[in-house]
Protein chains: 2
Amino acid sequence: MNEALKQGSATTASRIYEVLRQDLLDGRYGAGERLSIALLRETYQVGLSPLREALNRLAAYGLLRQENQRGFRVLELSRDELADITEMRRQLEGKALELAVEHGDEEWESQLLAANHRLTKAGSHTPIVEWEQLHSRFHNALVAPCGSVWLLRFISQLHDQFDRYRRVAPRAQELRHQLDAQHQELVDLALARDSRRARALIEEHITLSCEVALKSCR
Amino acid sequence: MNEALKQGSATTASRIYEVLRQDLLDGRYGAGERLSIALLRETYQVGLSPLREALNRLAAYGLLRQENQRGFRVLELSRDELADITEMRRQLEGKALELAVEHGDEEWESQLLAANHRLTKAGSHTPIVEWEQLHSRFHNALVAPCGSVWLLRFISQLHDQFDRYRRVAPRAQELRHQLDAQHQELVDLALARDSRRARALIEEHITLSCEVALKSCR
DNA sequence: CTAGATCAAATAATCGATTATTACTAGAAA
DNA sequence: TTTCTAGTAATAATCGATTATTTGATCTAG
């Protein structure tokens with residue numbers, strides 16, 4: 001969906017899709033909230049058709065729930081779903097990292113170092129939205145050369161889902177530090193081509209970030 | 001997406017979504033073909049808005065590719081993607097079946113037997129579209145109680161993707177028999193609660209159906 | 001009071017017409 | 001002939017207005 005934006009002329013529908021997606025990840029709209037189409041039109045200053053097309057895409061992607069004749073709602077948050085998402089991320093990102101470590105080339109190594117550098121430089125002063133983006137890019141860079149388009153697609157999708165939970169979590173400083181340290185370790189293991197241990201670590205990493213998110217999940 | 005249809009009043013957009021999805025799986029439109037919106041309108045006798053909303057959903061779901069200002073195209077078929085889809089199905093359905101065998105209750109056992117019975121009864125005389133549906137239902141029934149909403153979601157999505165390849169494959173009779181026999185074996189292993197061997201068999205099953213599909217994939 | 005029916009207001013879905021962009025064709029220059 | 005350009009036809013995207021459905025308030029019967 002993202003490539004569509006980059007390639008030259010974006011349509012209104014594509015633009016509003018990206019903006020809405022980001023706002024949903026940022027928690028701008030509450031869990032379970034009904035999205036009034038008229039209100040959205042006003043807020044984002046867009047026409048009805050492109051807005052509805054964007055909402056339809058978001059529903060198919062899993063960030064909104066569409067009820068016929070009753071419009072669109074933000075998805076609810078639940079402990080059960082967080083557990084589900086976390087377990088799926090463990091499985092899929094674990095597998096993907098294993099493959100990436102085996103297949104990644106020199107270009108990948110540089111990209112990974114760069115992504116980690118940018119993430120490390122961004123301290124607690126950077127706005128959280130910006131940090132989230134760097135964090136996403138780092139994780140993307142990690143698994144990018146796994147060789148499976150569908151695996152990457154599912155991972156991104158789950159990452160978006162997970163972000164909704166991360167966003168409502170308080171920023172626990174001690175755990176945050178531990179997570180940052182794991183990012184560095186992940187790079188080290190990746191460059192050392194230790195796929196076994198890299199996989200084990202990212203699974204641990206995902207479990208830990210789930211625990212952070214859980215602290216705020218009712 | 002399917003539940004939306006069942007729950008009372010379906011909208012035009014939801015109806016046309018389901019019809020288009022089925023037609024895409026049935027191979028009514030060729031791989032890579034551009035879908036003319038005006039033509040679709042005429043073919044399905046629907047208005048522009050609901051049609052475009054359905055197309056947007058299908059693109060987000062991965063059955064169409066959307067190019068800004070250039071409309072919608074059917075996705076191409078490729079050996080590489082078939083290999084990707086097959087490997088993902090092996091991993092995910094394998095895992096799901098393992099969990100289902102561990103968690104499934106008596107109700108599941110009956111559903112499974114029923115689904116298998118219906119599939120077995122439908123011989124080579126039944127139209128292929130109908131057989132495909134029974135086959136899908138059987139595989140759904142197998143993994144249904146795995147306990148993970150996201151796992152089931154990804155499996156369905158991959159199943160739809162795979163169906164596009166299966167649809168263009170010639171019906172090789174010997175292999176077909178072998179696949180049918182595996183369905184029975186899967187039921188037996190499931191009822192015997194042998195999750196290890198059930199998983200191994202479904203992985204083999206998926207690989208075999210991939211080979212059937214490959215025979216026709218350029 | 002409570003449950004059910006009825007109507008009015010709100011709003012989701014759809015339609016028809018318009019605008020913007022791309023694709024195609026023909027003609028001119030190299 | 002080939003390659004560019006201009007103009008035109010085709011069509012994708014968007015807008016504004018209309019229709020259909022749901023929601024919520026009010027009223028009535030039990």
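Chain naming here is simple, since letters A, B, ... match the order of the sequence lines and numbering starts at 1 in each.
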For [X] and [N], give me the distance from atom [atom1] to atom [atom2], rounded to whole Å.
| X | N | atom1 | atom2 | result |
| --- | --- | --- | --- | --- |
| Leu39(A) | dT11(C) | CG | P | 9 Å |
| Arg34(B) | dT22(C) | CZ | P | 13 Å |
| Glu53(A) | dA12(C) | CD | P | 17 Å |
| Gln66(B) | dT14(D) | CD | P | 9 Å |
| Leu48(A) | dT19(D) | CG | C1' | 13 Å |
| Ile37(A) | dT22(D) | CD1 | P | 15 Å |
| Asn56(A) | dT14(D) | CG | P | 14 Å |
| Leu64(A) | dA12(C) | CG | C1' | 15 Å |

Nearest to the Gln69(A) side chain among dT14(C), dC15(D), dT22(D), which nucleotide is it? dT22(D)
Looking only at side-chain atoms of Thr11(A), point me to the closest of dT21(D), dA13(D), dT14(C). dA13(D)
Is it true that the side chains of Trp150(B) and Glu81(A) contain a donor and an acceptor less than 3.5 Å apart? yes
Are any of [X]'s side-chain N or O atoms less than 4.0 Å away from OP1 or OP2 of [N]?
| X | N | answer |
| --- | --- | --- |
| Arg52(B) | dA12(D) | no |
| Thr12(A) | dT14(D) | yes |
| Arg70(A) | dT23(D) | yes |

Looking only at heavy atoms, the pair that brings Arg57(A) and Ala13(A) closest together is NH2-CB, 3.6 Å
Give the C-alpha distance, both sets of side-chain angles, the deciding distance and a yes or no for side-chain hydrogen bond (donor to acceptor under 3.5 Å, both in side chains) between Glu107(B) and Gln111(B). CA-CA 6 Å; Glu107(B) 175 60 21; Gln111(B) 294 287 339; 2.7 Å; yes
For His139(B) and His135(B), take the angle between the two ring planes, folded into 0 to 90°, and tell me which bin it lands in: parallel under 30, tilted 30 to 60, perpendicular over 60. perpendicular
